[in-house]
Protein chains: 2
Amino acid sequence: MASQAEENYLKALFTLASDSGEIGLSDLSEMLQVSTPTANSMVKNLHQQGLVHYEKYKPISLTSKGKKEASLVIRKHRLTEMYLVEKMGFGWEKVHEIAEQVEHIKSPALFERMDELLGHPKIDPHGSPIPDRNGKIEWKSYHKLSECKPGDSIRLVALTHSSDEFLQYLNSKRLSLGLMLQVESVETFDGNMAISYLKNHREILSAKVCEKLLVEKE
Amino acid sequence: MASQAEENYLKALFTLASDSGEIGLSDLSEMLQVSTPTANSMVKNLHQQGLVHYEKYKPISLTSKGKKEASLVIRKHRLTEMYLVEKMGFGWEKVHEIAEQVEHIKSPALFERMDELLGHPKIDPHGSPIPDRNGKIEWKSYHKLSECKPGDSIRLVALTHSSDEFLQYLNSKRLSLGLMLQVESVETFDGNMAISYLKNHREILSAKVCEKLLVEKE
DNA sequence: GTATAAAGTTAGATCAATCTAAACAATGAT
DNA sequence: ATCATTGTTTAGATTGATCTAACTTTATAC
């Protein structure tokens, strides 16, 4: 069974693979905050276990077995986040840190039970898809808010990245998933967008923020 | 912050202290299933941290700081067990293994939330007391069923030990905490007791079992 | 009261996960 | 085409938790 460290490397490789193209050792070591030699030796270890493709000096990638393992760790993470928010009343900005630890618990029954109690949710509190028992992920192709035009009326459904600070920022603007947004205007110069929502909220969101908000046209 | 291994040693020392008198290294290594040298070096480490009293060739004991730390780990363990039973619907025989892992999670907020959602329970699913935030334990002095006499009508309130098999055994007899029991007769020869409960259940319980059942006279 | 058994200790090895320093390979800029 | 920069790998050390083998101390039994 994979150690906590191994699970963390798998998860990092999975994440890197989905948002960058080629994965270098330095990306991995940077993401996990370890030295490159450390990441290097772990990659060799995972290679031995048939979880990653590895050749000296070449980019790293997960094997299909590795992808499945990684997805299952991500499943545990996201189920935990959802459980903490839905059943225990934590704010969405508090759950990542706890889920980082809970995801390593060896107990299929625990996660199955969370899944049942939650009614087999498809997404986590940040709108990210929860892989199924077999590690399959249903990728939805959402639009970025930044790609919307004035007059568009859309629903906020997910976030591309969800750091603590970003979530706090969204909280402070009363922005949450499921909300309907109206694009009032877009500043062509800097990409700032004026958005209105919830009867009487009107905010100017920077391009940086709009990049990270995923929306669905109804 | 204490590592998982350290927390496990503290817990073991606490448990040994409450049910045996003097704690030897071999008791500790036996309980944790490690070699005596391993236990020995960990005890030295805990001694350095001011958590145990240690002198060569002398019995081991926890310092007050050590006792507090240990109690807080036990608190996390028991809150988790209670949460798993009460809020997630697990059977009392399933929760120990999961709680052994969850107890090591570093997140005061998680356990505080469990405590709140459970309404600040005083006991866990096996009737053992849950230490408070400061590590204080309210020791109740229960009677063993084995000390009861024919005609006694008592309530089953706790277990002295709760192995998987013992819990399964109790399940099979439909024995659970909170139940009222009537002592029908006691076999002086071997200590077997005839017990009736729940309208039409009547069972002969061995002395070994009766030793492990704690009851309260109403 | 000495011999033997039991319990505890020391020494030294191993393994996983990490590090730093130094060597090496690939890449891109002139 | 060469060289400097960047990225990767090797070598070797460290730390925490574990082990076995060998030795020492304490307790027990006669």
Side-chain angles (χ1 to χ4, degrees), chain A residues 1-13 15-17 19-62 66 69-70 73 100-101 103-106, chain B residues 1-14 16-17 19-62 66 69-70 73 100-101 103-106:
Chain A
M1 202 167 296
S3 69
Q4 294 197 187
E6 287 166 339
E7 289 190 341
N8 286 335
Y9 281 89
L10 290 173
K11 209 166 37 121
L13 285 168
T15 308
L16 287 168
D19 47 51
S20 348
E22 311 236 291
I23 304 172
L25 255 187
S26 40
D27 304 319
L28 183 58
S29 66
E30 153 75 6
M31 170 161 284
L32 291 170
Q33 292 284 284
V34 296
S35 66
T36 39
T38 299
N40 187 244
S41 62
M42 183 56 96
V43 165
K44 284 174 169 180
N45 160 21
L46 296 173
H47 175 59
Q48 290 302 104
Q49 297 181 53
L51 297 164
V52 312
H53 294 297
Y54 171 69
E55 279 181 273
K56 279 192 183 181
Y57 301 107
K58 295 273 168 64
I60 307 156
S61 62
L62 287 168
E69 284 279 302
V73 178
E100 282 289 301
Q101 298 177 68
E103 70 189 7
H104 301 299
I105 286 175
K106 305 304 184 213
Chain B
M1 202 168 296
S3 68
Q4 294 197 187
E6 287 166 340
E7 289 191 340
N8 286 335
Y9 281 88
L10 290 172
K11 209 165 39 121
L13 285 167
F14 192 94
L16 287 167
D19 46 50
S20 348
E22 310 235 292
I23 304 173
L25 253 191
S26 41
D27 304 322
L28 184 58
S29 65
E30 153 76 6
M31 169 161 286
L32 291 170
Q33 293 283 284
V34 297
S35 66
T36 39
T38 299
N40 187 245
S41 63
M42 184 57 97
V43 165
K44 285 174 168 178
N45 160 21
L46 296 173
H47 175 59
Q48 291 301 105
Q49 297 180 54
L51 296 166
V52 312
H53 295 297
Y54 171 69
E55 280 181 273
K56 278 191 186 182
Y57 303 106
K58 296 272 169 64
I60 307 155
S61 61
L62 287 168
E69 284 277 302
V73 178
E100 282 289 301
Q101 298 177 67
E103 71 189 7
H104 301 300
I105 287 175
K106 306 303 185 212

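Just so you know, these numbers use all the heavy atoms, side chains as well, and skip hydrogens, waters and symmetry mates. Throughout, a chain's letter reflects where its sequence line sits, starting with A, and its residues are numbered from 1.
Checked by atom type, the side-chain pair B:Ser35/B:Thr38 shows a donor-acceptor distance below 3.5 Å.
Checking the phosphate oxygens (OP1, OP2) of C:dA17, a side-chain nitrogen or oxygen of A:Ser3 falls inside 4.0 Å. Using a 4.0 Å cut-off, some side-chain N or O of B:Tyr54 falls inside it from OP1 or OP2 of C:dT9. An OP1 or OP2 oxygen of D:dC19 is reached within less than 4.0 angstrom by a side-chain nitrogen or oxygen of B:Thr38. When the side-chain nitrogen and oxygen atoms of B:Lys56 are compared with OP1 and OP2 of C:dT10, one or more of them lie within a distance under 4.0 Å. Between B:Ser35 and D:dC19 there is a side-chain N or O to OP1 or OP2 distance below 4.0 Å. Contact check, A:Ser26 against D:dT8: a side-chain N or O comes under 4.0 Å of OP1 or OP2. Close to C:dT9, at under 4.0 Å from its OP1 or OP2, lies a side-chain N or O of B:Asn40. In terms of phosphate contacts, B:Ser41 brings no side-chain nitrogen or oxygen within less than 4.0 Å of OP1 or OP2 of D:dT18. Contact annotation: B:Tyr57 side-chain N/O to C:dT10 OP1/OP2 distance is not under 4.0 Å.
Each of B:His47, B:Gln48, B:Gln49 was checked for a side-chain hydrogen bond (donor to acceptor under 3.5 Å, both in side chains) with B:Asn45, and the lone residue meeting it is B:Gln49.
Between A:Val34 and B:Thr36, the residue anchored closer to the 5' end of DNA chain C is B:Thr36, taking for each the nucleotide with the nearest heavy atom.
Atom CG of A:Asp27 is separated from atom P of D:dG7 by 9 Å (rounded to the nearest Å). Here D:dG16 presents its P atom at 15 Å from NZ of B:Lys44, a figure rounded to the nearest Å. Atom CD1 of A:Ile60 is separated from atom C1' of D:dG7 by 11 Å (rounded to the nearest Å). To the nearest angstrom, C1' of C:dA17 lies 12 Å from CG of A:Leu46. In this entry the distance linking CD of A:Glu22 with P of C:dT27 reads 10 Å, nearest Å. The CE atom of A:Met42 sits 16 Å away from the P atom of D:dT9 (whole-angstrom rounding). For the pair A:Glu55 CD and D:dT9 C1', the computed distance is 15 Å after rounding to whole Å. To the nearest angstrom, C1' of D:dG16 lies 14 Å from CG of B:Asn8.
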side-chain contact (heavy atoms from CB on, under 4.5 Å) evaluation trace for A:Gln4 with A:Gln101: CA-CA 9 Å; A:Gln4 294 197 187; A:Gln101 298 177 68; over 6 Å; no
side-chain contact (heavy atoms from CB on, under 4.5 Å) between A:His53 and A:Ile60, worked out: CA-CA 6 Å; A:His53 294 297; A:Ile60 307 156; over 6 Å; no
Residues B:Lys106, B:Glu7; criterion salt bridge (Lys or Arg N to Asp or Glu O under 4.0 Å); working and verdict: CA-CA 12 Å; B:Lys106 306 303 185 212; B:Glu7 289 191 340; 2.8 Å; yes
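The residue B:Lys58 sits apart from the nucleic acid: no heavy atom pair falls under 4.0 Å.
Candidate nucleotides C:dA17, C:dT9, C:dC24 were compared by shortest atom distance to the side chain of B:Leu25, and C:dT9 ranks first. If you check C:dA17, C:dT18, D:dT24 against the side chain of A:Asn45, the one that comes closest is C:dA17. Closest to the A:Tyr9 side chain, of the nucleotides D:dT18, C:dA11, C:dT18, is C:dT18.
At a threshold of 4.0 Å, the pair A:Lys11-A:Glu100 counts as salt-bridged, since one of the basic side-chain nitrogens sits closer than that to a carboxylate oxygen.
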